[in-house]
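One structure is given below, encoded as structure tokens.
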Amino acid sequence: MMQLKSSRRILTTLLATATLGLGMAAQADDLVVSATSQTSDDYALAVAWSNQLAESDANHQLTVVDNGSVNGLRQLAAGRLDIAVIGAPHYLDAVNKRGNFSKDPDRLTDSYKNLRSLFAISTSAGQYVVRDDAGIKSFADLSGHSIAIGRPGGNAGRVSSAFLEAYGLTPEDDVDTQYIDYSDAFNQMSNGRLDGTFVWGGLPQAAIDNASRTMDLRFISPDEDKVDAFRDHITAGQHYRLKSVSQQDVENAYQGRVAAEGDVNFWTFPYMFVVDRDLDDDTAYALTKALWNHLDAIKKTSAALNLLRRDEATTGLTAELHPGAARYFREIGLIE
């Protein structure tokens, strides 16, 4: 895999050199970054990052695609892209051949161990919304109802199922759990064929905001006292936590279009941007610096990035920090 990647970059360098010899400008190194989905915070960040590089770094460019976190990591390990986004607990599952990665071939598992992190963000979270007319006021009320718990093959389904099990509810039996991407789930909710859905993102979340303009929605969430039981039902559970969002923040985010019974709990974990360890140090340094040195400008591009914090960029990493990224964070005094 790395031989193919190295060959590609050597060829790119030779072509650029030849172009310069003809008196034309050299092209920038175009790297592909895979985000979770087009409505996720990490996708908004990747787009803003790409735009910032276009303005401040003539040597590097980013092309943003969306593959989901699990598939994105596999694509990176197979050498088909350059940067992927993965949750800190999911990465532990990948290198230990557990969870969604338990059936991956050994060649991918070995490649996962060669990945390094550039930084982490903690702006996104797992959320649950239901139709307000479905009669569901709490997570425990899901018994006998239907809910989309994430796209097929993704980690959200495992997490959602573990929370249901923490309440003594059996997925598929007590709750009609369906593996549907939330964009499709909202369509089914509007037609009355589905009661609720899992959504990943920040506050406000674009898909929820759009759906709330055509139907009345309500947040439900797992309770803090169920977290220990939840962790018993999922691998790397110690890396998951609940993030409390006030009823007032929900009100402000959606102008009263999404109801909440008091404060709401979203589940979250550090989300890492990872690369192959063989990415050269100068490139990793330049990419990391371009993002975090222009944080204020990047945050202005999307309300979903309001909670982006540079002092959290190296917190909760489960993949070793890439040396090039570490150089930048040492320069700004974030790590020693």
Side-chain angles (χ1 to χ4, degrees), residues 1-17 19 24-87 111 114-121 123-124 151 154 181 183 200-201 206 271-295 297-302 304-305 308 313 319 322 324-325 328:
M1 177 195 70
M2 290 312 305
Q3 184 176 359
L4 289 174
K5 185 176 288 188
S6 299
S7 298
R8 184 184 69 182
R9 287 182 174 145
I10 291 171
L11 179 58
T12 300
T13 302
L14 291 173
L15 288 173
T17 303
T19 302
M24 299 174 63
Q27 292 185 346
D29 186 13
D30 192 358
L31 306 173
V32 179
V33 53
S34 176
T36 307
S37 72
Q38 293 187 18
T39 58
S40 65
D41 294 0
D42 54 278
Y43 188 94
L45 176 62
V47 170
W49 189 13
S50 175
N51 292 337
Q52 184 58 55
L53 279 165
E55 295 178 6
S56 63
D57 188 342
N59 296 318
H60 303 98
Q61 295 179 353
L62 288 182
T63 296
V64 185
V65 299
D66 62 304
N67 286 298
S69 59
V70 173
N71 185 50
L73 193 71
R74 290 182 179 133
Q75 296 288 319
L76 174 61
R80 298 190 182 101
L81 47 87
D82 302 283
I83 306 171
V85 183
I86 188 70
S111 293
N114 292 329
L115 302 182
R116 299 292 182 265
S117 59
L118 293 180
F119 53 82
I121 63 173
T123 57
S124 295
R151 70 171 73 191
D181 184 83
S183 58
W200 179 261
Y271 234 59
M272 307 184 302
F273 283 72
V274 294
V275 297
D276 194 276
R277 68 181 179 186
D278 287 345
L279 180 70
D280 69 271
D281 290 2
D282 288 342
T283 297
Y285 172 85
L287 294 173
T288 307
K289 182 176 181 179
L291 192 159
W292 295 105
N293 265 19
H294 299 92
L295 180 58
I298 284 176
K299 289 172 66 173
K300 290 178 181 177
T301 64
S302 172
L305 301 179
L308 191 61
H322 190 285
Y328 169 76

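Residues: numbered from 1 along the sequence shown. Just so you know, these numbers use all the heavy atoms, side chains as well, and skip hydrogens, waters and symmetry mates.
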Quick one: CE on Met272 to CD1 on Ile121, what's the gap to the nearest 0.5 Å?
-> 12.0 Å
Output yes when a side-chain donor or acceptor of Ser34 lies under 3.5 Å from a complementary backbone atom of Ala84, and no otherwise.
-> no
Return a table of donor-acceptor pairs under 3.5 angstrom between the side chains of residues 68-79 and protein atoms on other chains or two or more places apart.
{"residue": "Arg74", "atom": "NE", "partner": "Asp104", "partner atom": "OD1", "Å": "3.1"}
{"residue": "Arg74", "atom": "NE", "partner": "Asp104", "partner atom": "OD2", "Å": "3.2"}
{"residue": "Arg74", "atom": "NH2", "partner": "Asn100", "partner atom": "O", "Å": "2.8"}
{"residue": "Arg74", "atom": "NH2", "partner": "Asp104", "partner atom": "OD1", "Å": "3.0"}

Residues in side chain to side chain contact (heavy atoms under 4.5 Å, CB included) contact with Ala313, at least two apart in sequence or another chain | Phe119, Trp292, Phe329, Leu334
Please report the shortest heavy-atom distance between Gln52 and Ala290, naming the atom on each side.
-> CG-O, 3.4 Å
Would you say the side chain of Leu81 lies within less than 4.5 Å of the side chain of Asn67, judging by non-hydrogen atoms?
-> yes
Could you walk me through whether Thr288 and Phe273 pass side chain to side chain contact (heavy atoms under 4.5 Å, CB included), step by step?
-> CA-CA 10 Å; Thr288 307; Phe273 283 72; over 6 Å; no
Using residues 43-50 as the side-chain source, report each donor-acceptor pair under 3.5 Å to any protein atom, sequence neighbours left out, with the distance given to one decimal.
{"residue": "Trp49", "atom": "NE1", "partner": "Leu287", "partner atom": "O", "Å": "2.9"}
{"residue": "Ser50", "atom": "OG", "partner": "Leu62", "partner atom": "O", "Å": "2.7"}

Quick one: pull up CG in Leu305 and CG in Asp41 and give me the separation to the nearest 0.5 Å.
-> 6.0 Å
Any side-chain heavy atom of Tyr328 within less than 4.5 Å of one from Asn293?
-> yes
Test side chain to side chain contact (heavy atoms under 4.5 Å, CB included) applied to Ile86 and Leu115, step by step = CA-CA 11 Å; Ile86 188 70; Leu115 302 182; over 6 Å; no
Please name the pair of heavy atoms, one in His322 and one in Val275, separated by the smallest distance, quoted to 0.1 Å.
-> CD2-CG2, 3.8 Å
Would you say Asp82's side chain and Val32's backbone share a donor-acceptor pair under 3.5 angstrom?
-> yes
Note: Asp276 and Asp278 closest approach over all heavy atoms is OD1-N, 2.8 Å
What are the two closest non-hydrogen atoms of Thr36 and Val85, and how far apart are they?
-> OG1-CG1, 4.5 Å
To the nearest 0.5 Å, atom OG1 of Thr283 lies from atom CG of Asp57 at 9.0 Å
Do you know which two heavy atoms are closest between Ser183 and Asp181, and how far apart they sit?
-> OG-OD2, 2.6 Å
NZ-OG1 distance between Lys299 and Thr301, expressed to the nearest 0.5 angstrom = 11.0 Å
If you round to the nearest 0.5 Å, how far is CG of Leu118 from CG of Leu291?
-> 9.5 Å
Working to the nearest 0.5 Å, report the span between CG of Leu31 and CG of Leu53.
-> 8.5 Å
Heavy-atom closest contact (Val274 atom, Ser117 atom, distance) | CG1-CA, 4.0 Å
